[in-house]
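Following: one structure in structure tokens, then a few remarks.
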Amino acid sequence: MASATGSAGKVWRCSSNIAVDTQQCPTYLQRWLRYSPPLRPNKTKEHIMSHSQALKQLDREQRLYRIRHSTAHVMAEAVLREFPEAKIAIGPPIDNGFYYDFDLPRSLTPEDLRRIEEHMREIIGEDHTFERSATTRERARERFADQPYKLELLDGIEPGEEVSLYTQNTFTDLCRGPHVESTKDLNAKAFKLLSIAGAYWRGDEQQKMLQRIYGTAWETPKELRQHLDHLAEVEKRDHRRLGRELDLFSTHEEAGPGLIYWHPNGARIRLAIEDYWRAEHLSNGYELLYTPHVGKSWLWETSGHLEFYSENMYSPMELDNAEYYTKPMNCPFHIMIYQTHTRSYRDLPLRWGELGTVYRYERSGVLHGLLRVRGFTQDDAHIFCTPDQIEEEIREVLRFSLQVWDDFGFTDIKAYLATRPEKSVGDDADWDKAISSLTKAIDREGLEYEVEEGGGAFYGPKIDLKIKDALGREWQMTTIQFDFNLPERFGMTFVDRDGKEKRPYMVHRALLGSLERFFGVLIEHYGGAFPVWLAPVQAVVIPVAPAFNDYADRVKRELVSAGIRANADLSDARMNAKIRAAQQRKVPYMLIAGENEQESHQVSPRLRTGEKEDAQAVAEFIGRVRQRAAAKALI
RNA sequence: GCCAGGAUAGCUCAGCGGCAGAGCAGCUCACUCGUAAUGAGCAGGUCGAGGGUUCGAUUCCCUCUCCUGGCUCCA
């Protein structure tokens, strides 16, 4: 699945005034569960409760956690049946399922998965209990003498610490638990093995590549089916598939992977996005810039990119005995403009935005449709201000950002505040002030947030916003980053009211992130059925028969001159086929034009929702589309 | 980059040592037709690239390119 979650730091706090949604906060959940006691049936004299009853008393997330964890153990047992020589690594529950990593003598095939599933169903049917036992680290070392990965895990445990083992049937695992009481608490019809993937031991490229089996597990077959349906829906909305079907964009391996070609339909949408973006920035106190695409090495040496970021930069071009680099970021160019004047405190704050196209070298294995590319346009902006202004500026950026997300139809937004990492530059006082202004801004906007302690960049703290799409997936989009590094490196100053030169604060911020990536998320969010203001084609005029082609074409021209993106389908297909074609392209309005309409200068709208409307005057329809587009309505 | 799986017509896919296939899309022709596919015909492929095995390779082997799923949600 296309996942957009960035590297998550350690979560130590969830906003206290908002209930923790465990689905949104898996790390928190796992932490909580880790320290919750293993499940025991309540065996008092007065009240003998079966295990299943005890399981039912837990809340749903905890039950699923145990079911998934236990299913992972059952899978490991099944894999050992198939491959007695297998070395087992780790097998945790994850969102919607579980995985287990194995070191196997050969590569797994889909056929193996079917057999492993068979074994699992057998084991589950045999009603084995999950027995917890405690032992010492040394005992455990003997127990797992032939399991090198388990030994390595044991090395990470304090010598005196108690080690817990869980056993079901023939399989014992080093495991913290908790588990269900017995395999009969698992439903043999509510799990499925989904995929095989390579995964480095401990996620480290230097370590051995293991084989990971991903599975999903639920309480009931119905839930499993719903989850599989959800996966099918995700697949149907895949922006790469819709990009082809709706003729929005393409990539070309022969012309360079990870580089996006926007087709006319995609470009229409991008134009709508950019027009909106520019208008909103100008009316929210920004000035807009255009800067070059390449710069001499001096620029990148000064900025530090060559030192810290060169892996991601395109190789230099040699011209006139100088090396020029294609830009991976816009910031140094904006600073060049800043430096063209002596800046007074009266000039600040400066809010400078640019739709700046940058190129970054991404390893070929990570490229993915529009979501991970090598060339993209950032909706970048830099704010230069005095320390006094910073709080207000941050608040303003955050407010503006939320307004933009609302306009694009995203209302479920969460903030992540990343604080100072160990290796970093800048004064403590600056960091404290910056973090405090970020926190105040989040509080002011009433956003739910988490703190990623030490998760900031070395040059400053940041707020990232994650938006939730129509399928409930989170995407990290907006980033608001302080930078204590570049002003220093470029020696930026402003003259304060006391006549002294001082260092301005600098904030980088991208709201949509990259237009390419945002486009991908937008396509999936709307499943290709864009709201009227973004739809590449807003209306198609469909004549009932060839005799009305002229009228249909006249209506189309009228719509186009009224600023509506309209086509007339004058092909020799039947009306029904034209409707079907427009429907599949997810055009919001189909306008049926026949004899009745022609006589009264009307059209009969059919919405892509399937709704049919009575004939109405063309002028009336124009007014309606304008109104719906202005309201940013879906249709 | 690494592991696994892919790459056959514009798209979705079948074929897997012996003449390269289907549906949709495209093109042509016919059809006077009211809310999700009118019919007939035509055209379309160095079977991702390069090398090898073979009488013969889209098919088997090797190399490369690209695509897809993954590569700590840490016992």
Side-chain angles (χ1 to χ4, degrees), chain A residues 1-3 5 7-8 11 25-31 34 69 88-99 101 106-110 140 144 147 149-157 161 163-166 173-177 194-214 238 240-241 244-245 247 250-258 311 362-369 542-548 571-584 590-597 604-608 610-613 615:
Chain A
M1 192 207 290
S3 167
T5 43
S7 60
V11 176
C25 195
T27 318
Y28 179 89
L29 172 72
Q30 284 172 11
R31 192 157 254 263
R34 200 170 294 150
H69 200 174
I88 58 175
I90 59 167
I94 55 174
D95 289 350
N96 298 325
F98 58 90
Y99 67 80
D101 288 346
R106 66 168 173 84
S107 299
L108 289 167
T109 65
F144 291 107
Q147 288 292 346
Y149 300 101
K150 294 296 172 189
L151 290 178
E152 207 177 315
L153 291 170
L154 283 166
D155 286 343
I157 294 175
E161 205 177 315
V163 169
S164 68
L165 306 177
Y166 276 83
D173 202 356
L174 171 67
C175 178
R176 213 176 249 147
L194 296 176
S195 61
I196 306 158
Y200 296 103
W201 167 236
R202 305 208 138 168
D204 181 352
E205 291 186 23
Q206 307 304 316
Q207 304 263 22
K208 179 152 189 187
M209 173 77 61
L210 307 175
Q211 296 190 66
R212 173 171 299 179
I213 302 176
Y214 281 97
D238 189 307
R240 293 162 299 180
R241 169 205 279 249
R244 231 190 343 263
E245 288 174 359
D247 200 8
S250 58
T251 58
H252 302 270
E253 71 167 272
E254 64 275 36
E311 266 180 28
E362 298 278 2
R363 295 194 294 180
S364 67
V366 304
L367 297 176
H368 180 92
I542 297 175
V544 162
F548 309 105
S571 67
D572 56 6
R574 299 287 161 109
M575 181 192 70
N576 276 336
K578 292 178 183 183
I579 289 172
R580 184 165 191 268
Q583 187 73 41
Q584 287 184 327
M590 288 154 252
L591 304 177
I592 308 299
E595 189 169 4
N596 303 334
E597 288 82 2
S604 293
R606 178 191 199 280
L607 277 50
R608 75 179 158 208
E611 197 178 329
K612 285 170 257 180
E613 295 184 355

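Because the structure is predicted, anything quoted here is derived from the model rather than measured. Residue numbers begin at 1 in each chain, while the letters A, B, ... track the order of the sequences.
At a threshold of 4.0 Å, the pair Arg240(A)-Asp238(A) counts as salt-bridged, since one of the basic side-chain nitrogens sits closer than that to a carboxylate oxygen. A salt bridge does not link Glu152(A) to Lys208(A): none of the charged nitrogens lies less than 4.0 Å from a carboxylate oxygen.
Here Leu367(A) lies in heavy-atom contact (under 4.0 Å) with sugar-phosphate atoms only. Residue Pro546(A) is in base contact, counting any heavy-atom pair closer than 4.0 Å across all strands shown. At the heavy-atom level, Glu152(A) lies nowhere under 4.0 Å from the strands shown. The residue Ala199(A) sits close only to the backbone: its heavy atoms come under 4.0 Å of sugar-phosphate atoms, none of a base. Across all strands, Glu245(A) comes closer than 4.0 Å to no nucleic acid atom at all (heavy-atom distances). Nucleic acid contact class of Ser604(A) (heavy atoms, under 4.0 Å, all strands): base. Within the nucleic acid shown, Gly369(A) comes within 4.0 Å of sugar-phosphate atoms alone, with no base atom in reach, counting heavy atoms only.
Of the C1' atoms belonging to G45(B) and C19(B), the separation is 15 Å, rounded to the nearest Å. Rounded to a whole angstrom, the distance from the C1' atom of G21(B) to that of C61(B) is 27 Å. Atom P of C33(B) sits at a distance of 38 Å from the matching atom of U12(B), rounded to the whole Å. The same atom, C1', is picked in U46(B) and in G51(B); the two are 16 Å apart, to the nearest Å. Spacing between G17(B) and G23(B) at atom C1', rounded to whole Å, works out to 28 Å. Here, C13(B) and G48(B) have their P atoms 15 Å apart, quoted to the whole Å. Look at the C1' atom in both U58(B) and A7(B): the space between them is 12 Å, to the nearest Å. Using P as the reference atom, U28(B) and G44(B) are 16 Å apart when rounded to the nearest Å.
In this structure, CZ in Arg106(A) is found 8.5 Å from CD in Gln211(A), a value given to the nearest 0.5 Å. Residue Ser571(A) holds its OG atom at 9.0 Å from CD1 of Ile542(A), rounded to the nearest 0.5 Å. In this structure, CD1 on Ile94(A) lies 12.0 Å from NE2 on His69(A), to the nearest 0.5 angstrom.
The CG-C1' distance, from Leu210(A) to C74(B), rounds to 13 Å in whole Å. Atom pair Arg608(A):CZ and U35(B):C1' shows a separation of 17 Å (rounding to whole Å applied). Atom NZ in Lys208(A) sits roughly 11 Å away from atom C1' in C3(B) (whole-Å rounding). Whole-Å rounding puts the Asp95(A) CG to C73(B) C1' distance at 7 Å. Look at CZ on Arg240(A): it is 9 Å from C1' on G69(B), rounded to the nearest Å. Between Leu194(A) atom CG and G5(B) atom C1' the separation is 16 Å, expressed in whole Å. The interatomic distance linking Arg202(A) (CZ) with C74(B) (C1') rounds to 8 Å, in whole Å. Summarising the geometry, the separation between CZ on Arg241(A) and C1' on U68(B) is reported as 14 Å, rounded to the nearest angstrom.
Remark: U59(B) base-pairs with no nucleotide in the shown strands. Criterion, Watson-Crick or G-U wobble with two distances under 3.5 Å. With both pairing distances under 3.5 Å, C42(B) is matched to G26(B) as a Watson-Crick or G-U wobble pair. Base pairing of C64(B) is made with G48(B), judged by Watson-Crick or G-U wobble geometry with both donor-acceptor distances under 3.5 Å. C33(B) is unpaired under the Watson-Crick or G-U wobble criterion, no partner having all donor-acceptor distances under 3.5 Å. In this structure, C71(B) forms a base pair with G1(B), meeting either the Watson-Crick or the G-U wobble geometry with both donor-acceptor distances under 3.5 Å.
Looking at Glu362(A), its side chain has no donor and acceptor atom pair within 3.5 Å of the base of G1(B). Not a single donor-acceptor contact under 3.5 angstrom links the side-chain atoms of Arg244(A) to the base of C11(B).
In this structure, of C2(B), G34(B), G69(B), it is G34(B) that holds the atom nearest to the side chain of Asn596(A). Residue Val544(A) places its side chain closer to G34(B) than to any other of G34(B), U72(B), U38(B). Comparing C74(B), C66(B), G69(B) by their nearest atom to the side chain of Ile90(A) picks out C74(B). Relative to the side chain of Pro257(A), the nucleotides C31(B), C67(B), U35(B) differ in distance, and C67(B) lies closest. Here the side chain of Ala547(A) is nearest to one of G34(B), U32(B), G1(B), namely U32(B). Taking the side chain of Lys612(A) as heavy atoms from C-beta on, and the options C31(B), U35(B), C3(B), the nearest nucleotide is U35(B).
Scanning all heavy atoms of the two residues, the minimum distance from Ala89(A) to Lys150(A) falls at O-NZ, 2.7 Å. Here the closest non-hydrogen pair linking Met590(A) and Ile579(A) is SD-O, 3.8 Å.
Along RNA chain B, the nucleotide nearest Arg363(A) and the nucleotide nearest Gly610(A) are compared for position; the residue whose nucleotide lies closer to the 5' end is Arg363(A). Place Glu611(A) and Glu205(A) on RNA chain B by their nearest nucleotides, and Glu205(A) ends up nearer the 5' end.
With contacts defined as side-chain heavy-atom distances shorter than 4.5 Å, the pair Asp101(A)/Tyr149(A) does not qualify.
The shortest distance between the side-chain N/O atoms of His368(A) and the OP1/OP2 oxygens of G69(B) is below 4.0 Å. Taking side-chain N and O atoms only, Tyr214(A) has no distance below 4.0 Å to OP1 or OP2 of C73(B). Look at Arg606(A) and you'll find a side-chain N or O under 4.0 angstrom from OP1 or OP2 of A36(B). Within the structure, a side-chain polar atom (N or O) of Ser107(A) is placed less than 4.0 Å from OP1 or OP2 of A4(B).
Using a 4.0 Å cut-off on heavy atoms, the residues of residues 576-583 of chain A that approach RNA chain B are Asn576(A), Ala577(A), Ile579(A), Arg580(A), Gln583(A), listed by number.
Tyr214(A) pairs by the ring-ring contact (aromatic ring centres under 6.0 Å, His included) definition with Tyr99(A), not counting sequence neighbours.
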Between Ile592(A) and Met575(A), is the side chain to side chain contact (heavy atoms under 4.5 Å, CB included) condition met? List the steps. CA-CA 9 Å; Ile592(A) 308 299; Met575(A) 181 192 70; 4.2 Å; yes

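Of the possible polar contacts, none joining the Thr251(A) side chain to the Gly258(A) backbone as a donor-acceptor pair under 3.5 Å is found.
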